Structure formats: C-alpha cells, structure tokens
Amino acid sequence: MYPLKRNRRLRTTAALRELVSESTLSISDLLAPLFLIEGSNMKESVDSMPGVYRYSVDLALKKAKKLYDMGIPGILLFAKIDQKLKDNSGESALNENGLMQRAIRQIKKNIPNLILCADLALDPYSIYGHDGIVENEKIINDRTNNVLAEIALSYAKNGADIIAPSDMMDGRVYCIRKILEKNNFVDTVIMSYSVKFASSFYGPFRNVLDSNPSFGDKKTYQMDFRNKKEGINEALQDIEEGADIIMVKPGLPYLDVVNELANKTNVPIAVYQVSGEYAMIKSAEKMGWINYKNVVMEQLMSFKRAGASIIITYFAEEAVKFLKRNE
Ligand code: PBG
C-alpha cells in the first residue's frame with residue numbers, strides 16, 4: 001500500500017532498472033532468414049522489403065559468413081525457384097543439384113558451425129503457389145506429406161541441421177521424423193511452424209519468392225487467426241509427432257499464443273517476425289515517424305518477455321549492431 005509500496009522506487013536509476021529487468025535479448029537468440037536465387041554474383045533488392053536481398057549461392061555464402069562472424073548462430077534458407085522448374089508436386093525440390101541443396105552444401109562445407117535451417121514447403125516450387133499438391137483446387141494432405149518427407153531427407157543429407165516445415169499439412173512432422181530416423185539422421189532437428197496463421201502479413205515475402213497463390217487463399221491449411229486453443233493443439237500435436245522446436249508465426253499479433261505455449265509446453269519456442277511486420281517498421285522509419293532502433297528492440301524484447309527463446313527476424317543483423325552498441 002502506498003507509500004509503503006512505491007513501484008517507481010525500482011525505476012530510479014538505470015543500474016536499478018538493469019538489476020531488476022525480467023527479460024534479456026541476446027545475439028544467440030536470433031536466426032536470420034536468407035533468400036536464394038540462381039546465378040552467380042547476384043544480389044537483388046526487393047521493393048517490398050528494403051534492406052533485404054536475394055543472393056546467388058556464392059554471395060549467400062559470403063553473407064552467411066558475415067552473419068556468423070557477427071555472432072548470429074544460424075540462418076533460415078528460402079529459395080526463389082525459376083518459373084520453368086515449378087510444377088504441381090515439387091519435383092525439382094528433390095533435385096540433388098537444386099538451388100537449396102547447392103546452397104546447403106556450400107554453406108555447411110565452409111561454415112560448419114553455423115546452424116543451417118531449411119524452410120520446407122512446396123509453395124516456392126508450386127505452379128499454384130500453394131503449400132501442397134493441388135487437385136481440383138483442393139490441397140491434398142497425405143500425398144503432400146510424402147513429398148515433404150523426401151525433400152526433408154534431401155536437405156538433411158546435404159547438411160541442413162534443422163528442417164523447418166512451414167506448410168501446415170496434418171501429420172507432416174511425423175512423416176518427416178519417420179523418414180529421418182529410418183535413414184539414420186537421428187540428430188536432425190525439426191523446428192515446426194506449428195502455429196502458423198493465415199495471415200496477410202506474409203505479403204512482402206510472397207513478392208520476394210514470387211509465390212503468391214494463383215487461386216484462393218491458404219485458409220484450408222493455415223490457421224484461423226481468431227483461434228488460440230486450436231493453435232495450442234497444433235503445437236502439442238507437433239511435439240508428439242517429433243518436433244524439437246515449435247514456432248508461432250507471425251510474431252507481434254500473436255504474443256498471447258506464444259505466452260500460452262510457454263506456460264503449457266517444455267520445448268523451446270521460436271517466433272517468426274514476418275515480412276509484413278518488417279515492412280511496416282521500415283516504412284514508418286522512412287517516413288520519420290518512429291525511433292527505428294527503439295521500436296525494433298522493443299518488439300524483439302516483447303517476444304522474449306512473452307516466452308520465446310528463438311527469434312527469426314529480418315532485423316537480425318541490425319539488432320546485433322544495436323545490441324553491441326549498448327554493451
Ligand atoms: C512458405 C512460407 C511463407 C513464409 C515463410 N514460409 C509464406 C506463406 O506461407 O505464404 C512467410 C514469411 C514472411 O512473411 O516473412 N510456406
């Protein structure tokens with residue numbers, strides 16, 4: 001009771017505030033997405049995501065090395081697939097000389113200690129821009145799982161440390177775990193996009209990979225953003241199926257889900273601060289409407305406070321600079 005209890009006491013000085021702070025953000029919490037394109041010596045900018053580029057494998061390797069040298073523990077790879085290689089079943093994703101496979105091999109060989117995560121889904125490979133095999137405008141679950149499992153094995157064989165299925169098919173984690181075990185990839189980690197909402201915040205990303213759905217939307221597999229219990233079910237099921245890390249995506253609008261999972265589960269939780277979240281902050285910065293650095297750091301810290309231990313963010317490189325400046 002006031003004045004016995006004055007909450008402002010512990011806020012009096014920076015040192016006291018530091019002493020009683022409840023959350024910390026470290027460089028070791030961050031994973032940086034990295035986009036790949038064919039070619040050599042290529043670095044393409046992306047209109048919808050200023051500061052983000054698509055790299056050919058040689059330059060992706062350089063970028064990965066830079067991130068690693070800054071202390072960023074891992075990267076999450078995405079490939080922009082040539083239109084002529086797209087089909088309905090992701091055939092080219094199985095090519096041992098495909099863009100993802102080449103990049104994984106190169107980066108693993110040159111930077112063995114960088115944690116290499118491979119995003120796994122059919123949409124970059126699909127003529128329909130959907131995350132599964134399409135029949136009569138429906139997404140076919142189980143056949144998609146078989147393909148995803150084969151692709152996961154290929155990524156693991158080439159050196160991926162973490163497979164990150166982002167497709168939201170039912171049972172895919174189990175199918176991937178089964179094939180990895182059968183082929184003795186017992187240490188390959190599965191970081192499942194467990195609670196992935198059908199979100200309009202993915203818009204800028206789909207422009208990066210040219211992977212907009214050619215019909216309909218993704219609401220028959222990605223989750224309804226009105227639901228939280230359903231998200232908890234998804235995550236618990238993925239853990240049972242063999243996921244080592246569960247992910248919530250997007251980030252900021254779904255901190256309630258992150259928090260609930262942190263309370264209800266005992267596995268590490270990743271949060272993906274997605275392209276639309278990035279683009280909004282970038283555009284507000286450009287307009288001069290916000291203190292960019294402070295807004296970025298406040299949002300990243302909010303993920304930690306909610307209970308995430310891993311943050312996938314396009315701000316990773318800048319966040320390292322901000323964190324180092326504060327040391
Ligand atoms: C592909 C995938 C998407 C994202 C990550 N993996 C797009 C989608 O599901 O349509 C979005 C990432 C972002 O917006 O930053 N399955």
Side-chain angles (χ1 to χ4, degrees), residues 30-36 46-54 75-81 86 90 93 99-100 117-134 139 141 144-145 147-148 151-152 155 160 162-170 172-173 176 190-225 234 238 245-254 270-283 299-300 303 310-316:
L30 305 173
L31 291 177
L34 199 61
F35 295 112
L36 304 163
V46 182
D47 283 348
S48 53
M49 297 184 73
V52 169
Y53 300 88
R54 309 179 188 100
I75 57 172
L76 176 57
L77 288 177
F78 296 92
K80 180 174 188 286
I81 302 301
K86 295 187 183 184
L99 183 51
M100 272 293 255
C117 316
D119 183 89
L120 170 65
L122 290 193
D123 53 334
Y125 300 94
S126 160
I127 32 168
Y128 301 109
H130 275 288
D131 292 52
I133 295 173
V134 175
I139 314 303
N141 195 88
T144 300
N145 281 345
V147 181
L148 289 173
I151 303 172
Y155 292 169
I162 299 187
I163 304 295
S166 65
D167 53 287
M168 289 297 280
M169 295 302 116
D170 287 329
R172 90 279 207 207
V173 171
I176 295 165
I190 298 178
M191 173 169 71
S192 176
Y193 289 70
S194 300
V195 195
K196 176 168 177 178
F197 290 94
S199 169
S200 293
F201 285 97
Y202 308 148
F205 171 98
R206 292 179 189 165
N207 295 337
V208 178
L209 292 194
D210 190 19
S211 62
N212 275 293
S214 64
F215 67 88
D217 52 38
K218 297 193 172 185
K219 289 183 179 170
T220 67
Y221 44 107
Q222 297 181 349
M223 262 191 53
D224 188 323
F225 53 72
E234 284 278 4
D238 281 358
I245 301 170
I246 54 176
M247 192 202 297
V248 176
K249 176 188 173 190
L252 204 62
Y254 302 103
V271 61
Y272 195 145
Q273 183 188 41
V274 300
S275 57
E277 298 178 74
Y278 175 83
M280 288 196 302
I281 297 177
K282 278 287 180 187
S283 52
Q299 294 210 1
L300 295 180
F303 300 133
I310 301 165
I311 303 170
I312 302 161
T313 174
Y314 301 99
F315 294 113

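In each ligand, atom 1 is the first atom listed, and ligand 1 is the first ligand listed. Everything numeric here is computed off the predicted structure, so don't read it as measured data. Each residue takes its place number in the sequence, starting with 1.
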*Asks:* For the CD atom of E277 and the CD atom of Q299, what is their distance to the nearest 0.5 Å?
*Replies:*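 These two atoms lie 6.5 Å from each other.
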
*Asks:* Can you sort out which atoms of ligand 1 are near F78, meaning under 4.0 Å from one of its heavy atoms?
*Replies:*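 Per the distance check, 5 (C), 6 (N).
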
*Asks:* Go through it in stages, so that I can follow the logic: the residues are I151 and L122, the test is side chain to side chain contact (heavy atoms under 4.5 Å, CB included), and I'd like the CA-CA distance, side-chain angles, deciding distance and then a yes or no.
*Replies:* CA-CA 9 Å; I151 303 172; L122 290 193; 3.7 Å; yes

*Asks:* As a quick check of understanding, evaluate side chain to side chain contact (heavy atoms under 4.5 Å, CB included) for Y125 and M100, giving each step before the final call.
*Replies:* CA-CA 11 Å; Y125 300 94; M100 272 293 255; 3.5 Å; yes

*Asks:* Could you state the interatomic distance from CG (L77) to SG (C117), rounded to the nearest 0.5 Å?
*Replies:* 8.0 Å

*Asks:* When you measure from the centre of the six-membered ring of Y314, is the NZ or CZ of K282 under 6.0 Å away and within 45° of the axis?
*Replies:*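 No, cation not above the ring by the 6.0 Å, 45° rule.
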
*Asks:* Which ligand 1 atoms are under 4.0 Å away from a heavy-atom of Q222?
*Replies:*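 Heavy-atom distances to Q222 below 4.0 Å select 8 (C), 9 (O).
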
*Asks:* State, with a plain yes or no, whether a side-chain heavy atom of M247 is found less than 4.5 Å away from one of I312.
*Replies:* yes

*Asks:* Taking heavy atoms and a distance under 4.0 Å, where does S166 meet ligand 1: side chain, backbone, both or neither?
*Replies:* both

*Asks:* If you have a sec, work out which protein heavy atom is nearest atom 9 (O) of ligand 1 and how many Å separate them, to one decimal?
*Replies:* K196 NZ, 2.6 Å

*Asks:* With heavy-atom distances below 4.0 Å as the criterion, list the atoms of ligand 1 near A121.
*Replies:*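 Per the distance check, 16 (N).
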
*Asks:* Relative to the ring of Y272, is the ring of Y193 parallel (under 30°), tilted (30 to 60°) or perpendicular (over 60°)?
*Replies:*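 Aromatic pair Y193/Y272 classed tilted.
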
*Asks:* When you measure from atom 10 (O) of ligand 1 to each heavy atom in M49, Q273, R206, which option holds the nearest one?
*Replies:* R206

*Asks:* Test of understanding: given a 4.0 Å heavy-atom threshold, classify the contact between D123 and ligand 1 as side chain, backbone, both, or neither.
*Replies:*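 The part of D123 near ligand 1 is the side chain, not the backbone.
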
*Asks:* Centroid separation under 6.0 Å, is that true for the rings of Y202 and F197?
*Replies:*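 Ring-ring flag for F197/Y202: false, centres at least 6.0 Å apart.
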
*Asks:* May I ask whether E277 places a heavy atom under 4.0 Å from ligand 1?
*Replies:* no

*Asks:* With the threshold set at under 4.0 angstrom, would you say K249 reaches ligand 1 through any of its heavy atoms?
*Replies:* yes

*Asks:* Among protein heavy atoms, which sits nearest to atom 14 (O) of ligand 1, and what does the distance come to when rounded to 0.1 Å?
*Replies:* S275 OG, 2.7 Å

*Asks:* In terms of residue, atom name and distance, what is the protein heavy atom nearest to atom 8 (C) of ligand 1?
*Replies:* K218 NZ, 3.3 Å

*Asks:* Might you work through the side chain to side chain contact (heavy atoms under 4.5 Å, CB included) test for T144 and R172, ending with a clear yes or no?
*Replies:* CA-CA 8 Å; T144 300; R172 90 279 207 207; over 6 Å; no

*Asks:* One pair to check against side chain to side chain contact (heavy atoms under 4.5 Å, CB included): R54 and V208. What are the steps and the verdict?
*Replies:* CA-CA 8 Å; R54 309 179 188 100; V208 178; 4.0 Å; yes

*Asks:* Any atoms of ligand 1 less than 4.0 Å from a non-hydrogen atom of Y272? List them with their elements.
*Replies:*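 Result: 12 (C), 15 (O).
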
*Asks:* Which protein non-hydrogen atom lies closest to atom 15 (O) of ligand 1, naming both residue and atom, and how far is it?
*Replies:*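 Ranking protein heavy atoms by distance from atom 15 (O) of ligand 1, first comes Y314 OH, 2.6 Å.
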
*Asks:* Of the protein's non-hydrogen atoms, which lies at the shortest distance from atom 12 (C) of ligand 1, and what is that distance?
*Replies:* F205 CD1, 3.3 Å

*Asks:* How does Y278 reach ligand 1, if at all, at less than 4.0 Å between non-hydrogen atoms: by side chain, backbone, both, or neither?
*Replies:* neither

*Asks:* May I ask whether M168 has any heavy atom positioned less than 4.0 angstrom from an atom of ligand 1?
*Replies:*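 Contact check M168 vs ligand 1: negative.
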
*Asks:* Under 4.0 Å, counting heavy atoms only: does D167 come that close to any atom of ligand 1?
*Replies:*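 Contact absent.
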
*Asks:* Could you tell me the separation between the CG atom of D123 and the OG atom of S166, rounded to the nearest 0.5 Å?
*Replies:* 6.0 Å

